[in-house]
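Everything quoted here is computed from the prediction, not taken from an experiment. Ligands are counted one by one from 1 in listed order, and the atoms in each one are counted from 1 as well.
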Amino acid sequence: MMTHAPSHNDTLSPLGIVQAKIAKAAKTAGRKPEDIELIAISKLHPAEAALPLIAEGQRVFGENRVQEALEKWPALIKETPDIRLHCVGQLQSNKAKTAVELFDAIHSVDRPSLIEALARAMDTLDKRPECFIQVNIGEEEQKGGCDIADTKAILKQCRDAGIPIIGLMSVPPLEVEPAPYFALTVKMAHDLGLPAVSIGMSADYELAITLGATHIRVGTALFGHRA
Ligand SMILES: *Cc1c(COP(=O)(O)O)cnc(C)c1O
């Protein structure tokens with residue numbers, strides 16, 4: 001009878017599996033795993049779902065709605081003050097102040113009215129979360145993000161308003177090969193002199209890493225399917 005040692009994945013947690021895949025993709029691309037920030041996207045999962053990840057050492061989490069983040073995270077952050085929270089969803093201007101108060105990074109800066117509201121909130125609170133400009137990389141009608149052609153002007157407007165932009169964020173169209181959209185986002189960030197690129201989700205974060213992602217936003221692979 002043949003016996004064999006259990007594979008790694010038999011004993012690893014979901015976080016351990018994702019970390020191992022990040023390390024492998026980084027190695028393939030000749031990059032260092034520590035240059036890739038894993039943002040655990042906990043949206044639509046209860047606060048308790050984050051506890052095992054926090055216990056395993058994960059400190060960077062993301063939400064896509066301000067109200068939900070406000071209900072879940074202040075208590076968790078009180079327990080574990082070095083948690084850093086990222087806003088990855090479309091942001092309404094009237095939530096800008098709450099968002100600046102709550103989040104350490106905002107990935108969805110995409111239009112003049114929001115830039116004005118964020119700049120006002122940052123001045124009032126004297127707090128400047130690191131921000132990404134979201135680009136509508138597939139030029140989709142209903143999608144958040146600025147037009148590709150407007151990105152440079154949006155960046156200038158952010159800088160003039162004192163909003164610290166560190167990179168670009170994009171979400172490719174559903175159900176098409178994402179590689180060309182990831183590659184274009186990386187090229188645009190490079191051409192604009194921006195160091196950070198927020199691309200890649202559960203289905204494609206390894207690909208995103210090989211193409212240059214510095215921030216990956218992973219929900220389902222860590223928390224399971226959302227209701
Ligand atoms: C929900 C969400 C994610 C995570 O998606 P998964 O496929 O569950 O990993 C990433 N980015 C954004 C903007 C999201 O809204």
Side-chain angles (χ1 to χ4, degrees), residues 13-22 25 36-47 49-50 52-53 56 58-73 84-92 95 99 102-111 114 118 129-146 151 165-179 181-182 184-186 188-189 196-227:
S13 64
L15 177 62
I17 292 169
V18 170
Q19 286 169 335
K21 289 183 175 176
I22 291 170
I36 295 137
E37 179 137 291
L38 169 63
I39 306 164
I41 307 294
S42 47
K43 68 179 185 205
L44 295 177
H45 292 283
L53 277 84
E56 283 184 85
Q58 177 69 24
R59 289 294 178 269
V60 184
F61 291 86
E63 292 282 346
N64 72 334
R65 295 179 61 211
V66 173
Q67 189 55 40
E68 183 181 345
L70 204 54
E71 284 161 17
K72 278 154 62 171
W73 283 97
R84 294 179 54 80
L85 202 56
H86 289 231
C87 174
V88 302
Q90 279 195 48
L91 194 51
Q92 292 171 317
K95 302 258 173 71
L102 183 62
F103 292 104
D104 300 289
I106 296 172
H107 291 233
S108 46
V109 180
D110 65 355
R111 60 190 188 279
L114 178 60
L118 285 171
E130 291 187 327
C131 291
F132 295 74
I133 294 171
Q134 182 176 353
V135 182
N136 184 355
I137 204 72
E139 306 193 298
E140 294 171 279
E141 196 75 49
Q142 74 296 357
K143 202 86 153 240
C146 68
T151 311
I165 298 292
I166 64 163
L168 301 183
M169 180 274 228
S170 74
V171 182
L174 283 174
E175 291 171 13
V176 297
E177 164 59 46
Y181 299 97
F182 289 160
L184 180 57
T185 310
V186 170
M188 287 176 66
V197 189
S198 170
I199 47 172
M201 320 202 309
S202 290
D204 49 29
Y205 65 91
E206 295 156 276
L207 171 68
I209 289 167
T210 64
L211 293 172
T214 60
H215 294 67
I216 55 174
R217 311 178 309 266
V218 179
T220 309
L222 295 171
F223 294 99
H225 286 286
R226 292 178 285 273

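In terms of protein heavy-atom proximity, atom 2 (C) of ligand 1 is closest to Lys43 NZ, 2.6 Å. Of the protein's heavy atoms, Thr220 OG1, 2.5 Å lies nearest to atom 8 (O) of ligand 1. The shortest contact between atom 10 (C) of ligand 1 and any protein heavy atom is with Met201 SD, 3.2 Å. In this structure, atom 13 (C) of ligand 1 lies nearest to the protein heavy atom Val88 O, 3.3 Å.
Put simply, the residue from Val88, Asn64, Leu38 that forms a side-chain contact (heavy atoms from CB on, under 4.5 Å) with Arg217 is Val88.
Taken from CD1 in Ile166 to CD1 in Ile106, the straight-line distance is 11.5 Å, to the nearest 0.5 Å.
Taking only nitrogen or oxygen atoms, main chain and side chain alike, Gly219 reaches within less than 3.5 Å of ligand 1. Polar contact with ligand 1: absent for Asn64 (N/O pair, distance under 3.5 Å).
With ligand atoms numbered from 1 in the order given, ligand 1 contributes 4 (C), 9 (O), 10 (C), 11 (N), 12 (C), 13 (C) to contacts under 4.0 Å with heavy atoms of Arg217. Atoms of ligand 1 lying under 4.0 Å from at least one heavy atom of Ser202, given by number and element, are 6 (P), 7 (O), 8 (O), 9 (O). Atom numbering of ligand 1 starts at 1 in the shown order; those under 4.0 Å from a heavy atom of Val218 are 9 (O).
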Item to check | Derivation of the side-chain contact (heavy atoms from CB on, under 4.5 Å) call for Glu68 and Leu44 | outcome: CA-CA 8 Å; Glu68 183 181 345; Leu44 295 177; 4.2 Å; yes
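Ligand 1 does not have His107 within reach: every non-hydrogen atom of the residue lies 4.0 Å or more from it.
Side-chain atoms of Lys21 never come within 3.5 Å of backbone atoms of Tyr205 as a donor-acceptor pair (strictly under, hydrogens ignored).
Ring geometry, His215 versus Phe132: the interplanar angle exceeds 60°, so the pair is classed perpendicular (tilted spans 30 to 60°).
Counting heavy-atom neighbours within 6.0 Å of Glu130 CD, excluding the residue itself, gives a total of 12 or less.
Using a 3.5 Å distance cut-off with no hydrogens or angles, the side chains of Glu37 and Thr214 do not pair a donor with an acceptor.
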